[in-house]
Amino acid sequence: MSKYDRYTFIPQFSLTPNKLALTNKVFVNQESNSVDNPYYDCKSDNPNRIKRVSSNNKVTRQFHNFKISQNAHRNLKNKINWLYFLSKSKYVKTYRGKEIFNFRIGFLTLTLPAKQKHPTIEITKEYFNQLLTELRQRTKMQNYVWRLEFQKNGNVHYHLVTDTYLDFYFVRDIWNRILSKGGYIKDYQDRFKDLSLMEYVSKFNNNSKDNFNQLAKRYALGKKNNWSKPNTVDVKSVVSNKSISNYISKYFSKDSDSNVYCNELDNEDNSKNLRLWFCSRSLSQLKSISNYCEAIDWDCRSLVESIKDAKVKYYRYCCVIYFEIKKASNWIKSKLYKLFHEYSRNLGYIPSG
DNA sequence: GGCATTAAACACGGAGCGCT
DNA sequence: AGCGCTCCGTGTTTAATGCC
């Protein structure tokens with residue numbers, strides 16, 4: 001009996017704002033033995049399967065070792081693409097009075113101002129989660145994705161992408177207040193409060209002339225605040241006329257270029273359930289528009305393939321066509337926009353602004 | 001990419017606190 | 001009362017796996 005008698009394959013598609021995936025849905029025919037069921041292997045009694053069941057019969061999860069898996073990587077990129085695609089372009093005025101006319105999403109980096117003293121899981125639970133809670137409550141931030149990474153010095157830092165405009169000074173003050181609970185602001189103050197300008201400059205100087213003026217300015221500002229407002233936040237605004245969503249999703253999921261994968265206080269024991277990324281509930285619902293190819297009255301493949309610069313890639317069990325919506329002809333563009341907006345609206349997704 | 005499975009982290013909003 | 005800040009209960013979401 002050939003496998004084509006045992007299984008029935010029905011072509012299906014899965015469409016997101018930047019790619020179309022074509023796969024087969026597999027049905028097992030009645031006569032076949034249960035061992036041939038392709039999903040049989042998913043059951044934990046399969047001997048070929050890597051053992052994930054511990055002695056008390058509970059399913060154990062393999063340790064992520066602080067590296068994002070291929071699967072998680074794909075999901076993360078997908079969420080950022082949805083977030084950017086569905087974001088509205090809006091006018092915002094910064095705290096300092098600067099105008100941004102086409103703000104779509106913001107890209108924030110949150111760091112620690114001193115050497116990390118607590119295991120990463122504690123920082124995430126007690127500090128970063130509190131920041132998210134406050135931002136949700138105070139700015140109505142609803143749609144966002146975050147990702148945890150380690151700096152070369154072993155300190156954890158967090159990236160946050162959202163379609164709500166978050167002002168640098170606003171976030172910095174909240175984040176620093178939260179960090180002060182763990183003594184991180186005090187640690188920073190202790191490091192700088194007794195430094196003279198020359199000591200400060202020699203600490204950071206890399207021998208360039210204009211660097212000195214900058215450092216002197218920073219020194220003066222730090223001194224004025226009594227070193228109570230360390231620069232723990234970096235904010236980048238993504239404006240609609242820049243095609244930067246790719247940059248973000250690459251930046252977000254790039255492999256760590258250093259050997260540092262975690263803090264020295266972290267180990268498998270205290271970090272096995274540490275999340276490396278997460279997103280808002282609004283975004284977790286957004287996956288892809290999918291259906292059987294024959295169930296729709298338009299040819300999704302040729303539609304997408306006709307977009308300029310579309311790239312077709314064949315994998316072992318699926319075929320994926322990557323495209324950029326903005327390069328599509330007007331009627332394809334509007335067809336896709338309509339599809340995606342209807343899909344997200346039906347799931348209750350509300351873009352900010 | 002889709003499918004099923006599981007424990008445990010997380011999102012989220014309601015409610016509580018103290019201060020003005 | 002109104003705001004800034006914190007805590008907590010509950011239900012939702014994630015992760016790896018191996019086949020097509």
Side-chain angles (χ1 to χ4, degrees), chain A residues 3-4 6-16 19-28 32 35-54 56-79 120-122 124-148 170 173-175 177-178 180-181 270-293 300 313-322 348:
Chain A
K3 70 175 183 179
Y4 296 100
R6 279 179 288 162
Y7 305 123
T8 305
F9 303 98
I10 302 187
Q12 59 185 350
F13 72 92
S14 162
L15 181 66
T16 69
K19 66 183 179 233
L20 170 75
L22 300 160
T23 52
N24 283 320
K25 178 153 171 88
V26 188
F27 291 94
V28 183
S32 72
V35 177
D36 293 330
N37 182 331
Y39 296 136
Y40 181 81
D41 285 341
C42 293
K43 290 176 186 156
S44 52
D45 53 351
N46 172 24
N48 292 325
R49 208 150 176 257
I50 293 168
K51 264 217 159 145
R52 283 166 54 219
V53 178
S54 62
N56 54 3
N57 227 12
K58 280 189 177 170
V59 174
T60 55
R61 192 179 299 166
Q62 204 173 73
F63 182 49
H64 51 53
N65 208 19
F66 304 97
K67 280 191 144 183
I68 254 180
S69 71
Q70 216 179 26
N71 246 315
H73 187 155
R74 187 169 62 198
N75 285 331
L76 171 60
K77 276 201 289 190
N78 224 349
K79 300 305 176 197
T120 301
I121 190 145
E122 269 180 47
T124 305
K125 270 191 206 162
E126 285 162 36
Y127 305 164
F128 185 63
N129 270 350
Q130 183 179 344
L131 177 80
L132 288 178
T133 304
E134 293 201 25
L135 290 179
R136 278 194 303 263
Q137 291 179 342
R138 297 174 67 177
T139 71
K140 303 276 174 278
M141 172 181 82
Q142 276 201 317
N143 313 309
Y144 59 91
V145 185
W146 64 261
R147 155 91 150 107
L148 172 164
F170 177 73
D173 286 351
I174 299 179
W175 182 233
R177 169 173 49 77
I178 295 173
S180 69
K181 289 194 298 186
N270 67 19
S271 308
K272 65 170 185 279
N273 291 318
L274 172 74
R275 301 249 187 234
L276 302 178
W277 76 282
F278 223 92
C279 64
S280 60
R281 286 193 188 171
S282 58
L283 275 171
S284 16
Q285 300 189 76
L286 302 182
K287 293 183 173 90
S288 66
I289 299 177
S290 52
N291 206 339
Y292 297 118
C293 296
C300 54
K313 271 197 144 185
Y314 292 92
Y315 296 100
R316 182 128 161 71
Y317 299 115
C318 64
C319 162
V320 183
I321 301 148
Y322 301 90

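Convention: sequence-line order gives letters A, B, ...; per-chain numbering from 1.
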What's the [atom1]-[atom2] distance between [X] and [N], to the nearest Å?
X	N	atom1	atom2	value
A:L276	B:dA8	CG	C1'	14 Å
A:L148	C:dT14	CG	C1'	15 Å
A:Y127	C:dC5	OH	C1'	16 Å
A:E126	C:dT6	CD	C1'	12 Å
A:I121	C:dT14	CD1	P	17 Å
A:H64	C:dT14	NE2	C1'	11 Å
A:H73	C:dA15	NE2	C1'	16 Å
A:W175	C:dC5	CH2	P	15 Å

Does [X] reach the side chain of [Y], with side-chain heavy atoms less than 4.5 Å apart?
X	Y	answer
A:E126	A:I178	no
A:K79	A:K287	yes
A:H64	A:L274	yes

Restricting to nitrogen or oxygen on both sides, can you table the protein-nucleotides 13-20 of chain B pairs closer than 3.5 Å?
unit_1: B:dG14; atom_1: O6; unit_2: A:Q137; atom_2: NE2; d: 2.9

Could you pick out which residue, A:T124 or A:S14, lies toward the 5' side of DNA chain B when each is mapped onto its nearest nucleotide? A:S14
Closer to the 5' end of DNA chain B via nearest nucleotide, is it A:L132 or A:L22? A:L22
Please tell me whether A:R177 and A:S180 have a donor and an acceptor in their side chains that are separated by less than 3.5 angstrom. no
Between A:E134 and A:Q130, is there a side-chain donor-acceptor contact under 3.5 Å, judged purely by atom types and distance? yes
[X] near the nucleic acid: base, sugar-phosphate alone, or nothing, with a heavy-atom cut-off under 4.0 Å?
X	result
A:R316	nothing
A:S69	sugar-phosphate
A:K313	nothing
A:Y144	sugar-phosphate

Residues forming a ring-ring contact (aromatic ring centres under 6.0 Å, His included) with A:F170, sequence neighbours excluded: none
Sorted by chain and number, sequence neighbours left out, side-chain hydrogen bond (donor to acceptor under 3.5 Å, both in side chains) with A:S69 holds for none
Those residues that, when tested against A:Y314, pass side chain to side chain contact (heavy atoms under 4.5 Å, CB included) (two or more places apart): A:R301, A:V312, A:C319
Any residue meeting side chain to side chain contact (heavy atoms under 4.5 Å, CB included) with A:Q12, in chain and number order, not counting sequence neighbours: A:T23, A:K25, A:Y292
More than 12 heavy atoms of other residues, nucleotides or ligands under 6.0 Å from NZ of A:K181: yes or no? yes
Nucleotide nearest A:N273 when distance is taken to its side chain, options B:dA8, B:dC10, C:dT6: B:dA8
Considering only side-chain heavy atoms of A:Q12, which listed nucleotide, C:dA15, B:dA11, B:dG2, is closest? B:dG2
I want to confirm an ordering. Mapping A:E134 and A:K287 to their closest nucleotides on DNA chain C, which one lands closer to the 5' end? A:E134
May I ask you to verify if any side-chain N or O of A:N129 is less than 4.0 angstrom from the OP1 or OP2 atom of B:dA11? yes
Does A:W146 put a side-chain nitrogen or oxygen below 4.0 Å from OP1 or OP2 of B:dC10? no
Distances for protein N/O vs nucleotides 10-13 of chain C N/O pairs under 3.5 angstrom?
unit_1: C:dG11; atom_1: N2; unit_2: A:R281; atom_2: NH2; d: 2.8

